[in-house]
Amino acid sequence: MLDKYNFKESEPKWEKFWQDNKIYSFDKNSKKEIFSIDTPPPTVSGKIHIGHIFSYTQADFIARYKRMMGYNVLYPFGFDDNGLPTERLVEKEFGIRAHEMSREEFREKCMQTVEKYEQEFKQLFIRDGISSDWDRVYNTISPRVQKLSQKSFLDLYKKGKAYYGEKPAIWCPECQVSIAQAELESKDIASTFNHIKFFIEHSDEYLEIATTRPELLCACVCVFVNPEDKRYAPLVGKNVKVPLYNFYVPVLTDEKADIDKGTGAVMCCTFGDETDLLWQQKYNLPIKEAITDGGRMTALAGKYEGLKTKKAREDIIADLKENDLLIKQEEIVHAVATHERCGTPMEIKIKKQWFISLVDDKKSFLENGEKINWYPSFMYGRYSNWVDNVDRDWCVSRQRYFGVPIPVWYCKKCGKIITPEEDELPVNPLVSTPKKACECGCTEFIPESDVFDTWQTSSITPQINAMWGEDDEMYKKLMPMSLRPNAHDIIRTWDFYTIAKSHYHSNCLPWKNVMISGFVMADKNEKISKSKSNSKMSPETLIDEKSADVTRYWTSTGSLGRDIIFSEEEFKNGAKLVNKIWNASKFVLSFLENYEPTHTQLLPMDEWIIAKFNDMQKHFIAYFEKYEIGLAMSELERFFWNFCDNYIEITKNRLYKPEIYGEKAKQSAQFACFVTLKEMLKMFAIYLPHITEEIYQSYFKKFDKEISIHQCKLSPIEIKTPQNIAVSGDEVCEIVSQIRRYKSENNLSLKEEVSELTVQGYSDFIKRVEYDIKAVGNVKEIIYRDGDKFVGIKVEK
RNA sequence: GGGAGUUUAGCUCAGUUGGUAGAGUACCUGCCUUACAAGCAGAGGGUCAUAGGUUCGAGUCCUAUAACUCCCACCA
C-alpha cells in the first residue's frame with residue numbers, strides 16, 4: 001500500500017490539506033483548556049533566514065505537543081511590518097530615500113513591499129509545517145493594531161507613564177532618528193587619542209588635554225579635573241584657551257573626571273556624550289550644539305561648517321598639527337555605542353520627545369520577570385541584568401514615516417497636549433484634527449508628526465492576540481498567555497517592553513512561560529552572513545532539497561537557549577530517520593492489510609515492546625513539559641531504532657510464518673505492531689508532520705474519527721503488562737546481541753545456523769520466549785544452565 | 001570591571017536525586033538477513049579542562065584557576 005516516499009509531492013499536498021481543513025484553528029467556543037502562544041512577528045526587513053526557521057520550528061514543536069496533549073491551542077501569527085527596518089528595505093528595493101517624496105507616496109510604497117514579503121514569509125512558514133492558525137494573523141501596521149497601539153499609548157499617558165519632555169535622547173545621525181537604549185550596540189572602534197594644547201591665560205604654559213573627538217572643540221564650555229588631582233590644583237579657577245577657536249573656558253573640578261584617564265583633564269562639550277550632558281545639568285553650563293541632525297558640523301564649527309564629523313575631525317587634526325597645537329596621537333580601540341541597525345556611533349541630542357517611564361518601575365519589572373518561568377532558567381539572568389542596568393526612560397518618538405502615528409496635537413496658542421477619544425482611533429493627527437477646541441479657546445493645533453518606535457507596538461502582542469478592548473471575556477481568559485518563544489537577542493527589547501506594558505496596562509504578567517532559543521551560527525564564532533544565508537543555508541534551498549521534515553529534524557537537535565552550528569551532518573541523520581520511518585511503516589503495514597485490531601492474548605516480547613513504549617513516552621512527556629524538545633526527540637528516536645532493530649527482527653518470523661508459530665502468535669505481533677507504530681507516529685508527528693501524515697492517511701485514518709494525525713491525542717498504550725517485562729525483554733536483546741557478535745567476529749552471515757546455544761544464569765523468562773530467540777538467531781537448540789551469566793554459542797559448519 | 005554559559009570519544013553532543021563513563025557520527029571489520037546497502041551486525045577509541053576539598057565513593061556537590069563564547073558597563 002505504501003510505495004516510494006516522494007517528499008516533493010507529499011509535503012505540499014498535506015500542507016494544503018491542513019489549510020483547507022483548518023486543522024490548526026483555534027476553537028473559541030471549546031471547553032478545553034487553552035494553551036496560547038505569543039508568536040514573534042518577524043520583522044519585515046528582508047529574507048527569512050535559517051535562524052528564524054530554527055527558532056519558529058522549535059516553538060511549533062511545543063504547539064503541536066500541546067495540541068496532542070488535548071489543549072485548545074491558540075497559535076496566531078503576526079508580521080512586524082512598520083518601523084525603520086521596513087523603511088530601509090523599501091528604500092533599498094526602490095532605490096529611493098523616504099524624505100525625497102511625500103509621506104503618502106512613501107507609505108504607499110511601503111505597503112506594497114510589505115504585502116509582497118509577507119506573502120513570501122507566510123508561504124515559507126507554511127512550507128516548513130508551522131502549525132499556526134493562519135486565520136489569526138495580525139500586522140503591526142494594520143488599522144486594528146494601530147488602534148491598539150494608540151490605545152496602549154493613551155492608557156499610559158492617562159496613567160502618567162507616558163510623558164512629553166525635552167531631555168537628552170540618543171540620536172542616530174545616519175538614520176536621523178532618535179533611538180532607545182535597547183537599540184544600542186557596543187562596538188569596538190579604532191580611534192585616536194589626540195593630546196592637544198590648551199594654553200593657560202596670561203601664560204606660556206599649556207594644559208594638555210586628550211580627546212578622541214577634536215571636532216567638538218568648538219562646543220567646549222569648560223575643562224574638568226578631579227578635585228583630588230594635585231597636578232592641576234593650581235589651574236583650577238583659571239581660564240584656558242580652546243585651540244584654533246581661541247576663546248577661553250574655565251577649569252573646574254568634578255569627581256567624575258578620572259585621574260587616570262587620558263591626561264586627567266577633560267574638555268566638556270555639553271553635547272554628544274552622556275557625561276558632558278550630566279555636567280551641563282549639574283553646573284548649568286551653556287548648551288552648544290556642534291552637530292546637525294544629519295551628522296554635519298554646525299555654524300559653531302566655523303570653517304568646518306557643513307562637513308561630516310569624520311571629515312571635520314581629520315581637518316581639525318591637520319590644522320592642529322600645522323599650528324603646533326597637537327602634542328601626540330595615541331592609537332586606541334574603544335567601545336563605542338552604535339545604532340544596532342546601521343552601526344553608526346550615536347550622538348546625544350536634546351529634543352522634545354515622547355517617553356515611556358521605565359526607570360521608576362524597575363523593581364516591579366524585576367519581580368514580574370521572576371514570576372515567569374524562563375526556559376532555560378538562566379535566561380532570567382540576562383533579563384534581570386538588563387533591567388538592572390536600564391538608566392533612561394524609553395524614548396518612543398521616531399522622526400520617521402512608516403509607523404503608527406503618535407496620536408496627539410499641540411494647541412497652537414497654549415501648547416496644551418490634546419489627545420483623541422478612544423472611539424476615534426486609529427488617528428493620524430496629520431490628517432484629522434481634534435473634535436473640540438482647546439480649553440484656552442484656540443481651535444488651531446499643531447499635529448505631532450513623529451511615529452512610534454516599532455517596539456511600542458510589538459510590546460503589546462499579548463494584548464493584540466488576546467483581543468484587548470475588543471472581547472473582554474477572551475482577554476480575561478487569555479491573559480496571561482501561556483508561552484512567549486523568542487531568541488535571546490530580543491530579551492532586552494521585546495520581552496522587557498512586553499513585561500513593562502502588561503504591568504502598566506493590566507497589572508499582570510504577559511505570559512507564564514518564556515522559551516528562549518539560540519542562534520544558528522555559520523561556523524564557530526561566525527554569525528550567518530548575507531551571502532551564506534542566501535546560498536546553501538537558505539531555508540528555501542534546504543526545504544526544497546532536503547525536505548521540510550528533515551529541516552525540522554535538524555532544529556530539534558539544538559539545545560534550548562544555546563547557539564548551534566549549522567551542520568549538514570545533522571541533515572543526513574534526519575534524512576536517515578525519515579527514510580527509516582517510511583521503510584519500517586511500509587514493512588509493518590504490509591502485515592496489517594485487512595487487519596481488524598482486536599485485543600488478543602499477547603506474547604511476552606509483544607508485551608515487552610508495549611511496556612518499553614509506555615516507559616519512553618513518560619520520559620518524552622516529562623522532557624516536553626520542561627520544553628526540552630531535543631531530549632524528548634532523542635528519547636523517541638532511541639526507542640524507534642530499538643523497535644526496528646530488535647523488535648521487528650524478533651517478531652517478523654511470527655508474522656511471516658504463522659504455519660510454524662501459529663496464528664495466535666501472528667495476531668499478537670500484529671496487535672503490538674499496530675498500536676506501537678500508531679502511537680509512535682503520533683509522537684513523530686510533532687517533529688515530522690508530513691511523512692507521518694502520509695502514513696496515517698494511507699492506513700490508520702480508517703480506524704479513527706480524526707481528519708488528520710495532527711488532531712490525535714498522545715496517549716499511552718492501554719495494555720496492562722507484567723511488572724518486570726521491560727527488563728526481561730532487554731535480556732532477550734542481550735542474548736540476541738551475543739549471537740550477533742559471535743557471528744560478526746567469526747565473519748559469519750547473520751542467518752548462519754547456531755547449532756547450540758547455552759544460556760546460563762538468566763531468568764526463566766528466556767524459556768518462555770525460546771521460539772523468538774530461536775527464530776531471530778536461527779538457533780537449533782538452547783541449553784539452559786544455572787551459574788554466572790554466560791552465553792555460549794556453537795556453530796557447526 | 002559586573003554577570004551568564006560552555007569545557008565529557010577525532011567531530012556533534014547526552015549524562016535526571018553522587019554508585020563501574022553513553023549515543024550519533026567518523027574510522028576499521030564483517031554481513032546482499034524474504035522492509036530498508038540511505039541497510040544490518042560488530043571492534044577500537046575518554047586522567048570527564050586543571051588543582052584542591054567533602055564523601056566509603058565525585059563527570060555529578062563545594063572552593064579556586066584556566067580557556068572559549070555571550071550579555072552588560074567602559075566612550076574625555
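Proteins get letters first, then strands, A, B, ... in listed order; numbering begins at 1 in each. Bear in mind that the values here come from a model prediction, so they are computed numbers and not experimental data.
Counting only heavy atoms from C-beta on, A:Lys261 has its side chain closest to B:A76 among B:A76, B:G42, B:U6. Closest contact between the side chain of A:Asp645 and the listed nucleotides B:C40, B:U25, B:C75 involves B:C40. Ranking B:G15, B:U29, B:G42 by closeness to the A:Asn747 side chain, first place goes to B:U29. With B:G5, B:A73, B:A76 as the choices, the nucleotide that has an atom nearest any side-chain atom of A:Gln181 turns out to be B:A73. With distances taken from any side-chain atom of A:Glu649 to the nucleotides B:C13, B:C75, B:C36, the minimum falls on B:C36. Side-chain atoms of A:Arg382 lie closest to B:C71 of the nucleotides B:C36, B:C71, B:G30. For A:Ile332, the side-chain atoms get nearest to B:A76 when compared with the rest of B:A76, B:C40, B:U12. The nucleotide whose nearest atom lies closest to any side-chain atom of A:Thr212 is, among B:A76, B:G42, B:C40, B:A76. Residue A:Lys576 has its side chain nearest to B:G24 when only B:A76, B:C75, B:G24 are considered. Comparing B:A14, B:C40, B:A4 by their closest approach to the side chain of A:Phe378 singles out B:A4.
Pairing for B:U47 is absent, with no Watson-Crick or G-U wobble pair whose two atom distances lie under 3.5 Å. Using N1 to N3 plus N6-O4 or O6-N4 for Watson-Crick, or N1-O2 and O6-N3 for G-U wobble, each under 3.5 Å, B:A26 pairs with nothing. Across all strands shown, B:C75 forms no Watson-Crick or G-U wobble pair with both key distances under 3.5 Å. Taking a pair to require two hydrogen-bonding distances under 3.5 Å in either a Watson-Crick or a G-U wobble arrangement, B:U17 remains unpaired. Under the Watson-Crick or G-U wobble criterion, with both distances below 3.5 Å, B:A9 has no partner in any strand shown. Nucleotide B:A4 has B:U69 as its partner under the Watson-Crick or G-U criteria, with both atom distances under 3.5 Å. Pair assignment for B:G39: B:C31, on the basis of Watson-Crick or G-U wobble contacts that are both within less than 3.5 Å. Across all strands shown, B:C61 forms a Watson-Crick or G-U wobble pair with B:G53, both key distances being under 3.5 Å.
The nearest heavy atom of RNA chain B to A:Thr557 and to A:His488 marks one nucleotide each, and the one closer to the 5' end goes with A:Thr557. Mapping A:Ala257 and A:Glu569 onto RNA chain B by nearest heavy atom places A:Glu569 at the nucleotide closer to the 5' end.
Put simply, CE on A:Met521 is 12 Å from C1' on B:C68, counting in whole angstrom units. Here the P atom of nucleotide B:G39 and the NZ atom of A:Lys652 are 15 Å apart, to the nearest Å. Per the geometry, OH belonging to A:Tyr553 stands 11 Å off P belonging to B:G24, to the nearest Å. Atom-to-atom, CZ of A:Arg638 to P of B:U16 comes out at 13 Å; the value is rounded to the nearest Å. Rounded to a whole Å, the CD atom of A:Glu752 is 14 Å from the C1' atom of B:A41. As rounded to whole Å, 17 Å separates atom P of B:A41 from atom CD1 of A:Ile735. In this structure, the CG atom of A:Asn642 is 13 Å from the P atom of B:A23, given to the nearest Å. Here B:C13 presents its P atom at 15 Å from CZ of A:Phe566, a figure rounded to the nearest Å.
In summary, the side chains of A:Asp254 and A:Tyr283 do present a donor paired with an acceptor at a separation below 3.5 Å, with no hydrogens or angles considered.
Side-chain N/O atoms of A:Arg741 include none lying less than 4.0 angstrom from OP1 or OP2 on B:U29. In terms of phosphate contacts, A:Lys580 brings a side-chain nitrogen or oxygen within less than 4.0 Å of OP1 or OP2 of B:C40. The side chain of A:Lys751 contributes no N or O atom lying less than 4.0 Å from OP1 or OP2 of B:A41. For the pair A:His334 and B:A76, the criterion of a side-chain N or O lying under 4.0 Å from OP1 or OP2 is met. Side-chain N/O atoms of A:Ser559 include one lying less than 4.0 angstrom from OP1 or OP2 on B:A14. When the side-chain nitrogen and oxygen atoms of A:Ser744 are compared with OP1 and OP2 of B:U29, none of them lie within a distance under 4.0 Å.
Across all strands, A:Ser737 comes closer than 4.0 Å only to sugar-phosphate atoms, never to a base (heavy-atom distances). Counting any heavy atom pair closer than 4.0 Å across all strands shown, A:Phe224 reaches no nucleic acid atom. At the heavy-atom level, A:Ile565 lies nowhere under 4.0 Å from the strands shown. Here A:Cys268 lies out of heavy-atom contact (under 4.0 Å) with every strand. Residue contacts for A:Lys657: at a heavy-atom cut-off of 4.0 Å it reaches a base atom on one of the strands shown. Looking at heavy-atom distances under 4.0 Å, A:Trp279 makes no contact with the nucleic acid at all. When heavy atoms are screened at a 4.0 angstrom cut-off, A:Asn573 is found touching the sugar-phosphate backbone but no base atom. Among the heavy atoms of the strands, none lies under 4.0 Å from A:Ser567. Looking at heavy-atom distances under 4.0 Å, A:Ala210 makes contact with sugar-phosphate atoms alone, never a base.
No hydrogens or angles were tested; on distance alone, nothing pairs the side chain of A:Lys743 with the base of B:U33 as donor and acceptor under 3.5 Å. For B:C32, its base never sits under 3.5 Å from the side chain of A:Ser749 at any donor and acceptor pair.
Using bins of under 30°, 30° to 60° and over 60° for the plane-to-plane angle, the ring pair A:Phe684/A:Phe640 lands in the perpendicular bin.
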**Message:** Walk me through whether A:Glu174 and A:His339 qualify under side chain to side chain donor-acceptor pair (under 3.5 Å).
**Reply:** CA-CA 9 Å; A:Glu174 169 65 27; A:His339 185 196; over 6 Å; no
**Item:** Check against side chain to side chain donor-acceptor pair (under 3.5 Å), A:Glu752 and A:Tyr742
**Value:** CA-CA 11 Å; A:Glu752 195 76 40; A:Tyr742 179 87; over 6 Å; no
**Request:** Verify salt bridge (Lys or Arg N to Asp or Glu O under 4.0 Å) between A:Arg213 and A:Glu215, making sure each step is shown before the conclusion.
**Result:** CA-CA 5 Å; A:Arg213 303 202 60 185; A:Glu215 74 272 20; 3.1 Å; yes
For residues 183-191 of chain A, dump all side-chain donor-acceptor pairs below 3.5 Å to protein atoms at least two apart in sequence or in another chain.
| from | atom 1 | to | atom 2 | distance (Å) |
| --- | --- | --- | --- | --- |
| A:Glu183 | OE1 | A:Ala180 | N | 2.9 |
| A:Glu183 | OE1 | A:Arg398 | NH2 | 2.7 |

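B:U25 and B:G1 have their C1' atoms separated by 42 Å, with the value rounded to a whole Å. Comparing the same atom, P, in B:G15 and in B:U8 gives a spacing of 14 Å after rounding to whole Å. Annotation: B:U17 and B:U6 have their C1' atoms spaced 24 Å apart (nearest Å). Atom P of B:U20 sits at a distance of 26 Å from the matching atom of B:U63, rounded to the whole Å.
You'll find the side chain of A:Glu734 reaches within 4.5 Å of the side chain of A:Lys789, heavy atoms only.
A:Lys546 has a carboxylate O that lies under 4.0 Å from a charged side-chain N of A:Glu568, or vice versa, which qualifies the two as a salt bridge. The pair A:Arg654-A:Asp606 counts as a salt bridge, with a side-chain nitrogen and a carboxylate oxygen less than 4.0 angstrom apart.
In this structure, the side chain of A:Thr498 engages the main chain of A:Trp494 through a donor-acceptor pair within 3.5 Å.
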